[in-house]
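Below you'll find the structure, written out as structure tokens, and then a few comments.
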Number of protein chains: 2
Amino acid sequence: MPKDRAPTRIQKKNRAAILEAALNVFSAHGFRGATVDQIATEAGLSKPNLLYYFPSKEAIHTALLSGLLETWLAPLHDLDATGDPMEEILSYIRRKLQMSREFPRESRLFANELVQGAPRIHSALSHDLKVLVDEKTAILTDWMDQGKIAKLHPYHLIFSIWALTQHYADFDIQVRVILGDEDPYEGAEPFVDTLYRKLLRP
Amino acid sequence: MPKDRAPTRIQKKNRAAILEAALNVFSAHGFRGATVDQIATEAGLSKPNLLYYFPSKEAIHTALLSGLLETWLAPLHDLDATGDPMEEILSYIRRKLQMSREFPRESRLFANELVQGAPRIHSALSHDLKVLVDEKTAILTDWMDQGKIAKLHPYHLIFSIWALTQHYADFDIQVRVILGDEDPYEGAEPFVDTLYRKLLRP
DNA sequence: TGTTGATTTGACCATCTGGTCAAACTCACG
DNA sequence: CGTGAGTTTGACCAGATGGTCAAATCAACA
């Protein structure tokens, strides 16, 4: 294992390659379905070489998840209490849909983990996620109390946004079976926009 | 492997026990994460005994999926072109939400498969699912053309229903982390009801 | 009850997989 | 160069896992 000094050029390159490869493999096959050999090959390394940079398969997975959780929650983090309520929420939704479009692997990485009961990130969820959601739903509740947007159950409002936007990344195959050649996001963006305008109108 | 005559009492009992156990294990761990031993133990059989009834792990999985696909699509199948549009759609949504509540394992079984690209049911999807969805979206489009419900992209309307309802089963852990002790479906039912009433109002 | 087919199992196998290790190789720097 | 730290690898191991098989046991029916 490399010493914990400043990382060398090679360390940076290889760690990045491993995480990139791991994202591909874990998101496509889940933790159990991924093999260290597969990740190593995809990263252009031998298995022992990969294990020189990360002590175990589990460690790669953990590093990947915790490194990406922040990115994943960023759109919600940016929801601003001082902005225009309707526009803030719609722009949060657009950012979230954009994430599904640009980072489908990341979405599926989390989806895989969640569907199986989040055995490896349950604690991170109940801390970071819970806190962030509570903070933001407080804002939503304020807006509702002030009559700026329709009164709805704030948690379920958040769930609906997650469900709708992540569906396009997580169940991509199903979406494409139905849509054929049509670009999913072409139709999704106006659809969710209309949906939430109607839903949130006071 | 049992002959293909009429199944004996023992065959019926054991096949059912295996499929029930397999549903537990596959839905919780995915195909790759499940082991034959685990399924056998949960079904109260030895591994060779289990493999006397199904030729392979893959065969159990396939039998399970194809046996459940019909159940899974039943709510949509029941959408009736001659009923009242708004009530038909709302009742479809209620049935779908009810499925998530009563059959979360089935939902996660499909979710696991879909997230990983549906390697084992892709063909079933592009036949049965595609046909059924096209049939039902034609009804939706009619209703829209007649001004009975709001004009929306019918495929994305279906996606939104799937996403919203299945979210509660598939990402149950996340939902519970946020909601705490609150019953998810208690709030979900009125929420989705309100949502689609607003969305579909012409 | 005897016989035949159905059912069950212990022992076993080949392969896959995560992980180890000592030895070899490479790189940066004096 | 030369040297020491950083990097890479072939060979290897132990345990898990899907699957096989012959022999033993059981159930049902004549």
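No experiment lies behind these values; they were computed from the predicted model shown. Chain A is the first sequence line, chain B the second, and so forth, proteins listed ahead of strands; every chain is numbered from 1.
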Starting from [atom2] on [N], measure out to [atom1] on [X] and report it in whole angstrom.
X: A/Tyr53; N: D/dG6; atom1: OH; atom2: C1'; value: 8 Å
X: A/Lys12; N: C/dC27; atom1: NZ; atom2: C1'; value: 16 Å
X: B/Ile39; N: D/dA16; atom1: CD1; atom2: P; value: 18 Å
X: B/Lys13; N: C/dT7; atom1: NZ; atom2: P; value: 11 Å
X: A/Gln11; N: C/dC27; atom1: CD; atom2: P; value: 15 Å
X: B/Asn49; N: D/dG18; atom1: CG; atom2: P; value: 17 Å
X: B/Ile18; N: D/dG18; atom1: CD1; atom2: P; value: 15 Å
X: A/Leu45; N: D/dG10; atom1: CG; atom2: P; value: 13 Å

Exercise answer: donor-acceptor pairs, residues 117-126 of chain A side-chain atoms, under 3.5 Å, sequence neighbours excluded:
{"residue": "A/Ser126", "atom": "OG", "partner": "A/His122", "partner atom": "O", "Å": "2.8"}
{"residue": "A/Ser126", "atom": "OG", "partner": "A/Ser123", "partner atom": "O", "Å": "3.3"}

Under 4.0 Å: is that the gap between some side-chain N or O of [X] and OP1 or OP2 of [N]?
X: A/Ser46; N: D/dT9; result: yes
X: A/Tyr52; N: D/dT7; result: yes
X: A/Asn14; N: D/dT8; result: yes

Subject >> Salt-bridge present (A/Glu20, A/Arg15; N to O < 4.0 Å) >> reply: no
Non-neighbouring partners of [X] that pass side chain to side chain contact (heavy atoms under 4.5 Å, CB included), sequence neighbours left out:
X: A/Ala169; value: A/Ser100, A/Pro104, A/Ser107, A/Tyr185
X: B/Lys12; value: B/Pro7
X: A/Thr141; value: A/Asp145, A/Pro154
X: B/Glu87; value: B/Asp84, B/Leu90, B/Arg94, B/Arg197

**OP:** List in chain and number order the residues that pass ring pair (Phe, Tyr, Trp, His ring centres under 6.0 Å) with A/Trp72, two or more places apart in sequence or in another chain; answer none if no residue qualifies.
**Re:** A/Phe110
Between the protein and nucleotides 11-18 of chain C, list the N/O to N/O atom pairs that are separated by less than 3.5 angstrom.
{"residue": "C/dT17", "atom": "OP1", "partner": "B/Arg32", "partner atom": "NH2", "Å": "2.3"}
{"residue": "C/dG18", "atom": "OP1", "partner": "A/Ala34", "partner atom": "O", "Å": "3.2"}
{"residue": "C/dG18", "atom": "OP1", "partner": "A/Lys57", "partner atom": "NZ", "Å": "2.9"}
{"residue": "C/dG18", "atom": "OP2", "partner": "A/Val36", "partner atom": "N", "Å": "2.8"}
{"residue": "C/dG18", "atom": "N7", "partner": "A/Lys47", "partner atom": "NZ", "Å": "2.8"}

Check nucleotides 24-29 of chain D against the protein and report each pair of N or O atoms closer than 3.5 Å, with its distance, or say if there are none.
{"residue": "D/dA28", "atom": "OP1", "partner": "B/Arg9", "partner atom": "NH2", "Å": "3.2"}

Subject >> A/Arg201 NZ/CZ over A/Tyr196 ring centroid, <6.0 Å and within 45° of normal >> reply: no
Subject >> side-chain hydrogen bond (donor to acceptor under 3.5 Å, both in side chains) contacts in which one or both residues fall within residues 171-181 of chain A, not counting sequence neighbours >> reply: A/Asp172-A/Arg176
